[in-house]
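The structure appears right after this line, and notes come after that.
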2 protein chains.
Amino acid sequence: MYSKELLKGTLSVIVLNILAENGRMYGYEIFQKVKELSDGKILLKDGSLYPALQKMKKEGLLTCEEVYIGKRIRKYYLLTKKGKEEKVHYLEELQDFIATISKVINPQLKIS
Amino acid sequence: MYSKELLKGTLSVIVLNILAENGRMYGYEIFQKVKELSDGKILLKDGSLYPALQKMKKEGLLTCEEVYIGKRIRKYYLLTKKGKEEKVHYLEELQDFIATISKVINPQLKIS
DNA sequence: AAACAATACATCATAATTCTATGTATTTAA
DNA sequence: TTAAATACATAGAATTATGATGTATTGTTT
């Protein structure tokens, strides 16, 4: 697993992009999708994911639909308009950051 | 500037790689080099950099040579053997992380 | 039937890291 | 002579994810 700190600042971007790709999803489903796409390398903790979803809902990035599956509740989250807009910003920022840090760390790649 | 959290976990890798490239450097010089290589996008704060250097010294990743320039002190840092080894690990971890998060966030790139 | 794993949510104290603010002091440029 | 740049440092605040813990249902294995 990765140094725990590397993931910091990326949870929101991950959730926004996963939801943008897959439409409405519930927490556990997001956990599984991220696990699958990362080949088991990024395992979101429930102690991180559920509070993050709540926070993003409060910020108006997500809305929530509660559905009962038998006796068990599921909270489906989906992007709001604001969430879709912010997703673009977050993604650009992350990609820019990755490009920049690559330049800082691999200056030998100056040539290409 | 980037969301402050994105940089988390990357400070050590940055310092290790900058020192590996440039040999011995002092704090302010590292700040300038990172600023230059990142086109002003990554501005290490002295409140982050100096404590980080001290911590890495404590961990045995760096050694320090104090030099007086006139009346002003300069603390040159350089990689230890352990620092050189850890640099490789840190770098691999970061590159793996970047590759993984790119996969999670850009699943449309499945094809290539 | 019982036991265990997986599903599905949640909260809270803790840890880890960086930032802001603040401080000191020298050197260089305007 | 005044401001900016150089060069270090510390301490409290902020942010965020983790670990521990809790509840409860559903599916699988023995």
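Residue numbering restarts at 1 for every chain, and letters A, B, ... go by the order of the sequence lines. Computed over heavy atoms, backbone and side chain alike; hydrogens, waters and symmetry mates excluded. Keep in mind it's a predicted model, so treat the numbers as computed, not measured.
- Formation of a donor-acceptor pair under 3.5 Å by the B/N17 side chain with backbone atoms of B/V13 is found in this model.
- Between B/Y2 atom OH and C/dT17 atom P there is a gap of 22 Å when expressed in whole angstrom units.
- Here C/dA10 presents its P atom at 16 Å from CZ of A/F31, a figure rounded to the nearest Å.
- When the side chains of ILVMFWY residues are joined at heavy-atom separations under 4.5 Å, either directly or via intervening members, A/I73 and A/F31 end up in two distinct hydrophobic clusters.
- The side chain of B/Y26 contributes an N or O atom lying less than 4.0 Å from OP1 or OP2 of D/dA7.
- Atom-to-atom, NZ of B/K58 to P of C/dA16 comes out at 14 Å; the value is rounded to the nearest Å.
- Annotation: side chain of B/L19 is not in contact with side chain of B/L78 (no heavy-atom distance under 4.5 Å).
- Residue A/Q54 places none of its side-chain N or O atoms closer than 4.0 Å to OP1 or OP2 of C/dC9.
- Within the 3.5 Å criterion, the main-chain N or O of A/E59 finds a donor-acceptor partner in the side chain of A/K82.
- For the pair A/K8 and B/Q32, nearest-nucleotide mapping onto DNA chain D gives the more 5' position to B/Q32.
- DNA chain D is contacted by both A/L7 and A/G70; A/L7 maps to the nucleotide lying nearer its 5′ end (nearest heavy atom per residue).
- One N or O on the side chain of A/S38 and one on the backbone of A/V34 form a donor-acceptor pair closer than 3.5 Å.
- Ionic pairing of B/E29 and B/K33 is not present here: no N-O contact between side-chain nitrogen and carboxylate oxygen is shorter than 4.0 angstrom.
- The nearest whole Å value for the distance from the NZ atom in B/K35 to the C1' atom in D/dA5 is 10 Å.
- Phosphate contact (OP1/OP2 of D/dA7, side-chain N/O of B/K71, threshold under 4.0 Å): absent.
- When the P atom of D/dC8 is taken as reference, atom CD of B/E66 falls 10 Å away, rounded to whole Å.
- Shown for residues 40-52 of chain B: residues whose heavy atoms fall under 4.0 angstrom of DNA chain C, namely B/K45, B/G47, B/S48.
- Rounded to whole angstrom, the span from the NZ atom of B/K33 across to the C1' atom of D/dT6 amounts to 18 Å.
- For B/Y28 and D/dA5, the OH to P distance is 8 Å, given to the nearest whole Å.
- The backbone N or O of B/G60 sits less than 3.5 Å from a side-chain atom of B/T80, completing a donor-acceptor pair.
- With rounding to whole Å, A/I73 atom CD1 is found 16 Å from D/dT26 atom C1'.
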